[in-house]
Each structure stands twice: as C-alpha cells, then as structure tokens.
Amino acid sequence: MPTRAQDTLLDRYQLLERLGSGGFSVVDLAWDTRMQRRVAIKRMQLPALYGRHQSMAESDLPGLAEARAAAMLSNPHIVTMFDFEVSGNEALLIMEHIDGLSLRDVMEQSPELLDTDIVAAVVAGVGDALAFAHANQVLHLDIKPDNIMIDHSGTVKVTDFGLAEFVNRASAIGAQGGSIGYMPLEQMAGEGVTEQTDEWALASVVYEVLTGENPFECSSIKESADVIEHAELIVPSAVRPDIAPEIDDIVFQALSIEPFDRYSSIKKFVTPLKKSLGNVTQGKKKLRTLVTQ
C-alpha cells in the first residue's frame, strides 16, 4: 500500500504521508477535501476473497468493531472516530489526526525521567478517558504508551480501540490480543476481563513512566506471567526521591495479581494517585512544551 502525495481515497481523502505501520495495518495522514481538515486513516488489508465472493460477514470486517466502539465515545481525552469505509481490498478507519507525539515518543526523547506534574497530567487524561469508556460499557484492553497521544496543546488522548470489547461480552468470552508488558494475568490467560484489566494496564504504564523500566515487558507471555507472579519489584520511591511513599502503595494495589484486590474503579485508582503525584495543570503546560520542542 504505497503512499504518494497525489493518491486519493474514496474520491475525497488526499494522502499526504505515511505516519506509521505495524501488524496488518498502516496509518496515513490525509487531507479531507470535503471538510477541509487533516485526518488520520488506518488502512487494513481485507482477505483476498472479500469483494469477489463476499465471504466475510460485515461484523467480521477488520476495524469495524474499533470504529463502533470509538464512535460511542465522545470525550476530549479520546481520539474522535469520523467514519468507517471499505475501498477495494482495504477497510478504512477515518479518525481525528493528533498533531503531536505518543507518550512513548515523549519518554524516549526526554533525557530524564518525566517529572511528577507530567505524570499527573497523563494519569488524569488517561483516567478520564477510561472512566468515560467504562461508563459506556467499553473496555480498551490495550493501554500502553504507544496508544497514549499528546497534542500540541498538551492534551492527553487515548487512541486505538482495536481490541475494545463491551463489558458484558468481555467478561464472558475473555480477552483477545493485548500487548505483553501491559496485560495482567487474566488477559494473558484469555479469561474474562473487566474494568480492572484496564486499571492494571494503566498502573503498568505509570510504573514505567515513574521508574523508566517496565519489568513485565518480556519476550513471551510466559516470562511476563512469571514476573507478575514471582518477581520482587523495586518500589518507585526507591528509584527517585521526589516520589511520595504513598504512591508505591497506590500503584502496587492496582498491579495486584487478583482483579478483586485492585481498586473497584479507574476513578478510585486515579484520584489518590493524582493528588500524590503533582499538579495536573502544570503538567499539561510542561507536556505542551515537550511536544512543541
């Protein structure tokens, strides 16, 4: 799927540049000639037989579940989904383009560990996004630094609901996919997942941002499970003196092996964590500076 400056999709979206690729999809930046705005288009290959024999049910189209889940969630901390289309041998997700960086980019480009105001702003943004999703019965199931975006205003936005499931269905069928390092045991085992699954993933991100390391990110699910079950983790306050000791307890409760030992909701996890970390408003200003630079 080459991208040339003059390529146009659906007689409307003029392709500008390739933003990224991975797995079975690519993401392109495009100009929406109708609405006169930039958009991001996630392009997913359809099976070769689709279109010739219509062998795939609409509900099985790649990206459709993601589009439907994200379309339900109108929130300033969730990337907006505009449309879903099929064109030729591709399924297309048309979404808001975030002019900024991922949290992964920010962490890798920062010469030092991010300060606690910045971490507080990230926690506040992701926490608000997840609380809103959960209130609408949607689980994200792939929270990680790559799926947390920061725009040029310093606003934190959650993207990629590609693994999202509705709460009632997910609790019955278990999880599909996920990212090693950000999955609790129940998700790795394919068991029923809940709001506490997203909570564990966010706690893993917080631990990584605070300490600079993710001990759960291993080469296999088995190795990651062994770390979760048996490793003695260094508490964040031992790594950096600017962290209050109560942060250790908050993060480690959210990282509990058993879901019922974690906080009962994202809000109950995020609220005390923000208070112990720093100033969210100052953190947003610092994020804006980092992304602009």
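Nothing here was measured: the structure is a model prediction, and the numbers come from that model.
Residues L73 and L202 share a hydrophobic cluster, clusters being chains of Ile/Leu/Val/Met/Phe/Trp/Tyr side chains in contact below 4.5 Å. Put simply, V119 and L255 are part of the same group of oily side chains (I, L, V, M, F, W, Y) that touch within less than 4.5 Å, one to the next. Note on L114 and V270: same hydrophobic cluster, where clusters join Ile, Leu, Val, Met, Phe, Trp and Tyr whose side-chain heavy atoms are under 4.5 Å apart, directly or indirectly. Criterion: ILVMFWY side-chain heavy atoms under 4.5 Å apart, direct or through other members. Under it, V106 and V280 are not part of a common hydrophobic cluster.
M188 and I221 get closest at one heavy-atom pair: SD-CG2, 3.6 Å. Across all non-hydrogen atoms, the minimal contact from A121 to L287 is CB-CD1, 4.0 Å. Scanning all heavy atoms of the two residues, the minimum distance from L233 to P215 falls at CD2-CG, 3.6 Å. Here the shortest heavy-atom pairing between Y207 and I234 reads OH-O, 2.5 Å. Nearest heavy atoms, V205 versus P145: CG2-CD, 3.9 Å. Minimum heavy-atom separation, V27 to A40: CG1-CB, 4.2 Å.
Tested against L277, the residues D117, L210, D115 include a single side-chain contact (heavy atoms from CB on, under 4.5 Å) partner, L210.
Here the side chains of W31 and Q36 are in contact, with some heavy-atom distance below 4.5 Å. Within the 4.5 Å cutoff, the side chain of V123 has no heavy atoms near those of the V156 side chain. Within the 4.5 Å cutoff, the side chain of R288 has no heavy atoms near those of the H152 side chain. Annotation: side chain of V86 is not in contact with side chain of L92 (no heavy-atom distance under 4.5 Å). Counting heavy atoms from C-beta outward, M95 and T80 have side chains that stay 4.5 Å or more apart. Counting heavy atoms from C-beta outward, D142 and Y182 have side chains that stay 4.5 Å or more apart. For the pair I180/F216, no side-chain contact is recorded, criterion being any heavy-atom separation below 4.5 Å from C-beta on. With contacts defined as side-chain heavy-atom distances shorter than 4.5 Å, the pair M44/K42 qualifies.
The backbone N or O of H140 lies less than 3.5 Å from a partner atom in the side chain of D198, making a donor-acceptor pair. Of the possible polar contacts, none joining the S25 side chain to the S21 backbone as a donor-acceptor pair under 3.5 Å is found. Put simply, the side chain of E217 never gets that close to the backbone of G181: no donor and acceptor are under 3.5 Å apart. Within the 3.5 Å criterion, the main-chain N or O of M107 finds no donor-acceptor partner in the side chain of S110. Between the side chain of N136 and the main chain of V138, no donor-acceptor pair closer than 3.5 Å is present.
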Given the rule in the side chain to side chain contact (heavy atoms under 4.5 Å, CB included) test, do L101 and I150 qualify, once you have shown the distances and angles that lead to the verdict? CA-CA 5 Å; L101 299 172; I150 299 102; 5.7 Å; no
Could you give me the CA-CA distance, side-chain angles and deciding distance for L9 and I41, then say whether side chain to side chain contact (heavy atoms under 4.5 Å, CB included) is met? CA-CA 10 Å; L9 294 175; I41 302 180; 4.1 Å; yes
Residues E208, V206; criterion side chain to side chain contact (heavy atoms under 4.5 Å, CB included); working and verdict: CA-CA 5 Å; E208 181 176 2; V206 172; over 6 Å; no
Kindly indicate, with the supporting measurements, whether the criterion side-chain hydrogen bond (donor to acceptor under 3.5 Å, both in side chains) is fulfilled by S102 and D146. CA-CA 6 Å; S102 70; D146 314 75; 5.6 Å; no
Given side chain to side chain contact (heavy atoms under 4.5 Å, CB included), test I266 with E195 step by step and report yes or no. CA-CA 7 Å; I266 283 289; E195 296 177 14; 5.5 Å; no
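Of the N and O atoms on the side chains of S87 and E85, not one donor lies less than 3.5 Å from an acceptor on the other residue. No side-chain N or O of N147 forms a donor-acceptor pair with one of T159 less than 3.5 Å apart. Side-chain contact, T197 with E186: a donor N or O sits under 3.5 Å from an acceptor N or O. Residues D248 and S237 bring a donor and an acceptor atom of their side chains to less than 3.5 Å of each other.
One finds the OG1 atom of T33 at 7.0 Å from the CZ atom of R12 (value rounded to the nearest 0.5 Å). Rounding to the nearest 0.5 Å gives a distance of 4.5 Å between CG of L130 and CD1 of I143. Atom CD of E90 is separated from atom CZ of R43 by 4.0 Å, given to the nearest 0.5 angstrom. Once rounded to the nearest 0.5 Å, the distance linking CE of M149 with CG of D99 reads 9.0 Å. Here CE of M81 is found 9.0 Å from CD1 of I94. Values are rounded to the nearest 0.5 Å. Taking NZ of K284 as the reference point, atom OG of S153 lies at 5.0 Å (rounded to 0.5 Å).
For the pair R38 and Y13, the cation-pi criterion (under 6.0 Å, within 45° of the ring axis) is not fulfilled.
Surrounding CD of E229 are more than 12 heavy atoms belonging to other residues, nucleotides or ligands, all under 6.0 Å away. Taking a 6.0 Å sphere around CZ of R104, one finds it holds more than 12 heavy atoms contributed by other residues, nucleotides or ligands.
Residues satisfying the side chain to side chain contact (heavy atoms under 4.5 Å, CB included) criterion with E258, sequence neighbours excluded, are F260, D261.
Taking the six-membered ring for Trp and the full ring otherwise, W200 and Y263 have centroids separated by 6.0 Å or more.
Judged as a side chain to side chain donor-acceptor pair (under 3.5 Å), the pairs with a partner in residues 266-281 (not counting sequence neighbours) are, in order, S264-K268.
Residues E213 and R240 are not paired through a salt bridge, judged by the lack of any N-O separation under 4.0 Å between the basic side chain and the carboxylate. A salt bridge is absent between D151 and K157; no separation between the charged side-chain nitrogens and carboxylate oxygens falls under 4.0 Å. With salt bridges taken as basic N to acidic carboxylate O contacts below 4.0 Å, none links E199 and R262. Classification of K144 and D160 as a salt-bridged pair fails, no side-chain N sitting under 4.0 Å from a carboxylate O.
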